[in-house]
There are 2 protein chains.
Amino acid sequence: MNVSVQTEIEPQAAETRPRRRPAGRTGCGVEATLSVLGGVWKPVLLFHLLRGKLRFNALCRLTPRATQRMITLQLRELENDGVLRRIVYPEVPPKVEYELTEFGRSLEPVLLSMRAWGEAFQARMDGPDKPTRTC
Amino acid sequence: MNVSVQTEIEPQAAETRPRRRPAGRTGCGVEATLSVLGGVWKPVLLFHLLRGKLRFNALCRLTPRATQRMITLQLRELENDGVLRRIVYPEVPPKVEYELTEFGRSLEPVLLSMRAWGEAFQARMDGPDKPTRTC
DNA sequence: CAGTATCCAAATTGATACTG
DNA sequence: CAGTATCAATTTGGATACTG
């Protein structure tokens with residue numbers, strides 16, 4: 001399961017992934033997907049990263065309803081699951097970029113279908129005349 | 001106990017949908033989808049219901065890792081969101097069936113893409129020779 | 001059968017302040 | 001900039017017992 005770049009044991013993983021089951025070892029396909037995608041902000045963050053690398057602050061700005069803390073935690077989990085990688089530039093001021101792995105990019109169809117449905121739903125809620133936002 | 005927030009919540013909605021935002025009124029399509037689909041068991045339950053009506057017990061058997069209580073709660077939320085309907089037959093012993101609404105069925109592409117990805121993921125985890133389960 | 005009710009532990013999350 | 005740390009409040013979830 002630990003296909004991520006870092007060969008770290010997870011002593012603090014108990015902190016960030018307490019109740020989640022080990023990824024993939026579940027009953028059906030949908031559950032397996034949720035074991036990776038099943039956080040409130042994960043699909044949103046991943047969706048933004050479909051477009052390419054993003055810095056931490058950019059992700060925060062794109063996800064204003066999530067707190068900085070939540071974004072950090074969710075990114076860490078996604079990193080541990082091998083969905084994205086964290087690129088640290090040894091600069092001052094610090095610069096960190098997040099990028100989907102190949103594995104993470106394989107989630108694109110799921111994320112796009114989520115967006116498609118959500119936009120249709122929003123259109124229904126807002127009335128058929130309002131402009132569709134591109135996130 | 002003064003609720004000083006802008007939007008007043010419905011009295012009983014506070015019980016079953018506490019932290020969730022009002023469905024659909026969110027920033028991007030993915031978030032909108034999550035406002036409806038964003039419960040741990042919801043996608044799984046809905047996925048099973050794609051095949052047709054199911055009784056409460058059947059859903060419990062199909063979702064063994066969720067407790068009866070959780071299944072009840074998630075079903076209630078989905079019902080409130082108009083995703084499924086609850087059909088009560090006035091019989092003894094009681095019989096209740098759950099069925100997707102038209103709105104709920106519109107989620108089919110999302111659910112199927114989740115299953116597809118999850119099964120590919122499971123195949124990767126289990127090794128390429130194990131048989132694929134149909135949930 | 002299809003739930004509720006209750007209790008309780010554990011986990012999630014927000015707000016805020018602080019740091020290399 | 002990109003986070004941590006800490007505290008507190010809320011929510012989730014399991015176990016169990018009970019009911020029309």
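In what follows, chains carry the letters A, B, and so on, assigned in the order in which the sequence lines appear, proteins first and then strands, with residues in each chain numbered from 1. Basis for what follows: all heavy atoms, side chains included, without hydrogens, waters or symmetry-related copies.
- Protein atom CD of B:Glu79 is 15 Å distant from nucleotide atom P of C:dA2, rounded to whole Å.
- Residues A:Trp41 and A:Thr63 have side chains that never bring a donor and an acceptor to within less than 3.5 angstrom of each other.
- Relative to the ring axis of B:Phe103, A:Arg124 places its NZ or CZ within 45° and under 6.0 Å from the centre.
- Side-chain contact between A:Trp117 and B:Leu37 is absent, with no heavy-atom pair separated by less than 4.5 Å.
- A:Gln74 places its CD atom 14 Å from the P atom of D:dG3, with the value rounded to the nearest Å.
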Could you go over nucleotides 4-6 of chain C and give all protein N or O partners under 3.5 Å, atom names and distances?
| unit_1 | atom_1 | unit_2 | atom_2 | d |
| --- | --- | --- | --- | --- |
| C:dT4 | OP1 | B:Arg76 | NE | 3.4 |
| C:dT4 | OP1 | B:Arg76 | NH2 | 2.8 |

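- Other cluster members for A:Ile87: A:Tyr89, joined by side-chain heavy-atom distances under 4.5 Å among Ile, Leu, Val, Met, Phe, Trp and Tyr.
- Salt-bridge check for A:Arg85 with A:Glu99: passed, with a basic side-chain N closer than 4.0 Å to an acidic carboxylate O.
- Summarising the geometry, the separation between NZ on A:Lys95 and P on D:dA2 is reported as 9 Å, rounded to the nearest angstrom.
- What you find for B:Pro43 and B:Leu111 is that their closest heavy atoms are O-CD2, 3.6 Å.
- Salt-bridge formation is detected for the pair A:Lys42/A:Glu77: a Lys NZ or Arg NE/NH1/NH2 atom is positioned less than 4.0 Å from an Asp or Glu carboxylate oxygen.
- Rounded to whole angstrom, the span from the CE atom of A:Met70 across to the C1' atom of C:dG14 amounts to 8 Å.
- The side chain of B:Val96 approaches C:dG3 more closely than any other nucleotide in the set C:dG3, D:dA2, C:dC1.
- In summary, of the residues considered (B:Leu49, B:Leu54, B:Leu45, B:Asn57), a side chain to side chain contact (heavy atoms under 4.5 Å, CB included) with B:Leu62 occurs for B:Leu54 alone.
- Classification of B:Arg105 and B:Glu102 as a salt-bridged pair holds, one side-chain N sitting under 4.0 Å from a carboxylate O.
- Comparing the end axes of the helix from C:dC1-D:dG20 to C:dG20-D:dC1, each fitted to five base pairs by superposing C1' atoms of four pairs onto the next four, gives an inter-axis angle of 60° (nearest 10 degrees).
- Using a 4.0 Å cut-off, no side-chain N or O of A:Thr67 falls inside it from OP1 or OP2 of C:dT13.
- With rounding to whole Å, A:Glu91 atom CD is found 13 Å from D:dA2 atom C1'.
- Rounded to an integer number of Å, the gap from CD1 of A:Ile71 to P of C:dA15 is 13 Å.
- As rounded to whole Å, 14 Å separates atom P of C:dC1 from atom OH of B:Tyr98.
- Counting non-hydrogen atoms under 4.0 angstrom, A:Tyr89 reaches nothing in the nucleic acid.
- The distance from atom CZ of A:Arg65 to atom P of C:dT13 is 15 Å, rounded to the nearest whole Å.
- Distance from the side chain of B:Arg55 is smallest for C:dA2 among the nucleotides D:dA2, C:dA2, C:dT13.
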